[in-house]
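Beneath this line is the structure, given in structure tokens, with notes to follow.
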Amino acid sequence: MKRIAVFLSGRGSNFRAIHKEVERGTIGGSIVAVVSDNPDAKGLQYAEEKGIEHRVFERSGGKTRAEYFQSIMEYLETLSIDLIVLAGFMIVLSENIIRRYQNRIINIHPALLPSFPGVEAQRRAYEYGVKYSGCTVHFIDEGVDTGPVIDQRVVPVHDDDDAHSLAERILEQEHILFPEVVRLFCDDRLVVNGRKVFIRQEK
Ligand code: GRF
């Protein structure tokens with residue numbers, strides 16, 4: 001069983017989707033901690049309701065990003081974390097935590113990378129006029145949304161969409177894709193070779 005930490009800053013719908021699968025027993029892991037930079041994140045309430053250990057690390061003045069993540073890492077060490085899941089965590093990770101958890105941090109991005117990295121990806125894809133967008137789960141590297149792609153789901157853009165309806169359609173797919181990738185990770189089925197990630201066949 002893998003020990004999972006979920007990092008989030010807001011709503012936490014991806015966290016809930018993953019947790020549901022953990023509860024259903026389809027994922028060979030358990031969520032042992034939730035970390036947030038935002039004390040008002042809705043995802044924290046859900047953690048509280050479900051009795052999942054959670055902690056707020058506020059990004060208050062004085063600390064560098066490396067120091068901020070150092071204190072988070074000290075917390076994670078006490079919990080022997082195998083996998084960090086970034087589920088709407090809005091702070092760019094520092095080098096020390098990326099190095100410490102190399103190929104063990106995954107993120108979901110609401111666009112088909114490498115298109116539309118960064119914030120408000122759904123709106124920017126909509127305004128660009130693409131016919132298809134989607135979501136991407138990838139490993140974290142030093143760049144913003146540049147790490148090796150694990151898997152993607154494609155979502156069509158309809159003529160009567162607006163940025164909001166497109167984001168909703170993408171989110172539905174996020175809630176399918178992200179738990180699926182967490183399951184593959186927990187079953188040791190992800191093989192990273194440079195920028196390529198291969199999914200090993202089920203034994
Ligand atoms: C999602 O759109 C995800 O793709 C992005 O942040 C959002 C988080 O939503 N990284 P939620 O907090 O999981 O509901």
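Read the numbers this way: they start at 1 and go in the same order the structure lists the ligands and their atoms. Computed over heavy atoms, backbone and side chain alike; hydrogens, waters and symmetry mates excluded.
Evaluation of the salt bridge (Lys or Arg N to Asp or Glu O under 4.0 Å) test over residues 51-72, restricted to residues two or more places apart or in two chains, returns none.
Looking at residues two or more places apart in sequence or on another chain, you find no side-chain contact (heavy atoms from CB on, under 4.5 Å) involving Gln201. For the side-chain contact (heavy atoms from CB on, under 4.5 Å) test, residues two or more places apart in sequence or in another chain that qualify with Val149 are Thr136, Gln152.
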Tabulate distances under 3.5 Å between N/O atoms of ligand 1 and N/O atoms of the protein, writing both atom names on each line.
unit_1: ligand 1; atom_1: 2 (O); unit_2: Glu174; atom_2: OE1; d: 3.4
unit_1: ligand 1; atom_1: 2 (O); unit_2: Glu174; atom_2: OE2; d: 3.3
unit_1: ligand 1; atom_1: 4 (O); unit_2: Glu174; atom_2: OE1; d: 2.7
unit_1: ligand 1; atom_1: 4 (O); unit_2: Glu174; atom_2: OE2; d: 3.3
unit_1: ligand 1; atom_1: 9 (O); unit_2: Arg11; atom_2: NH2; d: 3.1
unit_1: ligand 1; atom_1: 10 (N); unit_2: Ile108; atom_2: O; d: 2.9
unit_1: ligand 1; atom_1: 12 (O); unit_2: Gly12; atom_2: N; d: 2.7
unit_1: ligand 1; atom_1: 13 (O); unit_2: Ser13; atom_2: N; d: 3.3
unit_1: ligand 1; atom_1: 13 (O); unit_2: Asn14; atom_2: N; d: 2.8
unit_1: ligand 1; atom_1: 13 (O); unit_2: Asn14; atom_2: ND2; d: 2.9
unit_1: ligand 1; atom_1: 14 (O); unit_2: Arg11; atom_2: NE; d: 2.5
unit_1: ligand 1; atom_1: 14 (O); unit_2: Arg11; atom_2: NH2; d: 3.2
unit_1: ligand 1; atom_1: 14 (O); unit_2: Ser13; atom_2: N; d: 2.8
unit_1: ligand 1; atom_1: 14 (O); unit_2: Ser13; atom_2: OG; d: 2.5

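Criterion: ILVMFWY side-chain heavy atoms under 4.5 Å apart, direct or through other members. Under it, Val157 and Val155 are part of a common hydrophobic cluster.
Side-chain contact check for Ser36 and Asn38: no donor-acceptor pair (N or O, by modelled atom type) lies under 3.5 Å.
With a 4.5 Å cut-off on side-chain heavy atoms, Val85 and Phe185 do not count as touching.
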